[in-house]
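Some notes on the structure that comes next.
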Amino acid sequence: RKGINRLSSGSKAFDELMGGGLESQSIIEFFGEFGSGKTQICFQLAVNATRPVEEGGLNGDVFIIDTENTFRPERIVQMAVALDLDPEEVLKKIHVARAFNSHHQMLLVEKANELAHEMNVKLLIVDSLTAHFRAEYVGRGSLAERQQNLNKHMHDLLRFADLHNAVIAVTNQVSSKPDAFFGDPTRPIGGHIVGHAATYRLYLRKSKGGKRIARLIDSPNLPEAEAVITVSEEGVRD
Ligand code: ATP
Ligand code: MG
């Protein structure tokens, strides 16, 4: 794969875990419990992606598919200010679309494709990848259809990544109650469909004092390992 770009997370340790930053032309899945920092990391990636390449950015625009109404511009402002960036300029480059259901969520990838031809979209975020799917397809009878649509969604995302040399970051929760099919409560939603399509899977868990532990679970070329990151008012750091 030629011309791969690397996006910094804001944490050196985390970037090293990922082999020097988050790779373009790939899907990076963050999964973990509520409050584990998935959305915060997405915000930081969005801010960083607008920065020049020399500063760990992608010098690009960002498209966020927000499925749970958790986008907070004031958090983007805080993180931008902490990096001495003009928050208005940063916000101008971050395009947020609310997805009302899983079908709409899938359509928004097409929308992002159109936008990417006019704008320089280098990071596409789907937060949360699985929440709508999980809520809409309940019961064992609908599982095959859910997995089929999730599979298509993942492939659309991967195509976007290749087409635009973009980084794709997606979030996923772990099932707190046993899923209809995946009985293990620590398993991410979507099972092997999401797992196989994601290029990198990271499991996030809370630690003491605002710290989070990120564990790289599945990677085509890197060992399974962990990094400790901090989430504070400034954003994601070592
Ligand atoms: P969910 O599964 O519910 O979407 P999540 O993994 O996306 O959860 P986040 O929203 O990323 O979780 O994390 C929320 C946590 O981030 C808060 O509990 C807090 O610890 C931290 N956090 C959020 N905003 C700030 C801030 N301004 N300053 C410091 N820490 C913050
Ligand atoms: Mg979240």
Side-chain angles (χ1 to χ4, degrees), residues 7-11 14 17 22 27-49 62-85 87 90-91 94 96-102 105 108 123-136 150 157 167-179 182 184-191 194-195 198 200-217 226-238:
L7 171 62
S8 172
S9 65
S11 152
F14 185 81
L17 180 74
L22 280 68
I27 299 178
I28 298 106
E29 176 197 356
F30 295 93
F31 73 96
E33 283 184 0
F34 65 93
S36 57
K38 303 180 292 291
T39 296
Q40 298 300 312
I41 291 175
C42 289
F43 290 164
Q44 186 70 63
L45 292 174
V47 172
N48 292 357
V62 180
F63 193 82
I64 300 181
I65 300 176
D66 178 13
T67 75
E68 297 181 300
N69 208 12
T70 49
F71 181 72
R72 294 290 176 274
E74 54 280 20
R75 252 328 246 154
I76 299 291
V77 169
Q78 280 181 340
M79 291 180 183
V81 167
L83 292 170
D84 265 327
L85 304 172
V90 172
L91 278 172
I94 301 176
V96 185
R98 182 82 204 283
F100 297 103
N101 53 48
S102 66
Q105 179 178 332
L108 283 172
L123 170 65
L124 172 60
I125 291 170
V126 187
D127 184 16
S128 141
L129 177 76
T130 47
H132 281 318
F133 287 92
R134 189 189 193 190
E136 290 164 25
L150 253 178
L157 290 170
V167 174
I168 314 289
V170 303
T171 70
N172 194 356
Q173 268 199 319
V174 291
S175 34
S176 51
K177 338 184 202 35
D179 205 335
F182 308 104
D184 181 349
T186 62
R187 290 278 296 275
I189 319 284
V194 173
Y200 298 95
R201 299 199 104 172
L202 289 140
Y203 175 54
L204 292 172
R205 61 187 200 273
K206 278 190 216 174
S207 184
K208 283 173 204 139
K211 296 223 185 298
R212 304 287 190 280
I213 299 163
R215 181 170 190 83
L216 182 62
I217 301 280
E226 291 186 343
V228 180
I229 61 174
T230 307
V231 177
S232 71
E233 171 147 352
E234 290 77 47
V236 176
R237 298 290 186 274
D238 273 317

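Atoms within each ligand, like the ligands themselves, are counted from 1 in listed order. All residue numbers in this chain count up from 1 along the given sequence.
- Looking only at heavy atoms of the protein, atom 7 (O) of ligand 1 is closest to T39 OG1, 2.8 Å.
- In this structure, Q78 places its CD atom where more than 12 heavy-atom neighbours from other residues, nucleotides or ligands lie under 6.0 Å away.
- In the vicinity of S232, heavy-atom distances shorter than 4.0 Å reach the ligand 1 atoms 28 (N), 29 (C).
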Taking it one step at a time, do T130 and N172 satisfy side-chain hydrogen bond (donor to acceptor under 3.5 Å, both in side chains)?
-> CA-CA 6 Å; T130 47; N172 194 356; 2.6 Å; yes
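- The atoms of ligand 1 that sit less than 4.0 Å from any heavy atom of G37 are 5 (P), 6 (O), 9 (P), 11 (O), 12 (O), 13 (O).
- Within ligand 1, the atoms closer than 4.0 Å to a non-hydrogen atom of Q173 are 2 (O), numbered from 1 in the order shown.
- Every atom of ligand 1 with a heavy atom of F34 under 4.0 Å away is listed here by number and element: 1 (P), 2 (O), 3 (O), 8 (O).
- Between R212 and E226 no salt bridge is recorded (no basic side-chain N to carboxylate O distance below 4.0 Å).
- The closest approach between a heavy atom of R75 and any atom of ligand 1 is below 4.0 Å.
- At a heavy-atom cutoff of 4.0 Å, ligand 1 is contacted by the side chain of R212 but not by its backbone.
- By the criterion of a heavy-atom distance under 4.0 Å, the backbone of E33, and not its side chain, is placed next to ligand 1.
- When the options A131, G235, S36, G35 are ranked by their closest heavy atom to atom 8 (O) of ligand 1, first place goes to G35.
- Near Q78, with a cut-off below 4.0 Å to any heavy atom, the atoms of ligand 1 are 27 (N).
- Residue side and main chain included, T39 places an N/O/S atom under 2.8 Å of the Mg ion (ligand 2).
- Contact annotation: G32 has no heavy atom less than 4.0 Å from any atom of ligand 1.
- The closest side-chain donor-acceptor pair between D127 and T39 falls under 3.5 angstrom.
- Looking only at heavy atoms of the protein, atom 16 (O) of ligand 1 is closest to Q40 CG, 3.4 Å.
- From the protein, the heavy atom lying nearest to atom 2 (O) of ligand 1 is K38 NZ, 2.8 Å.
- With F31 as the aromatic partner, R201 meets the cation-pi criteria of under 6.0 angstrom to the ring centre and within 45 degrees of the ring axis.
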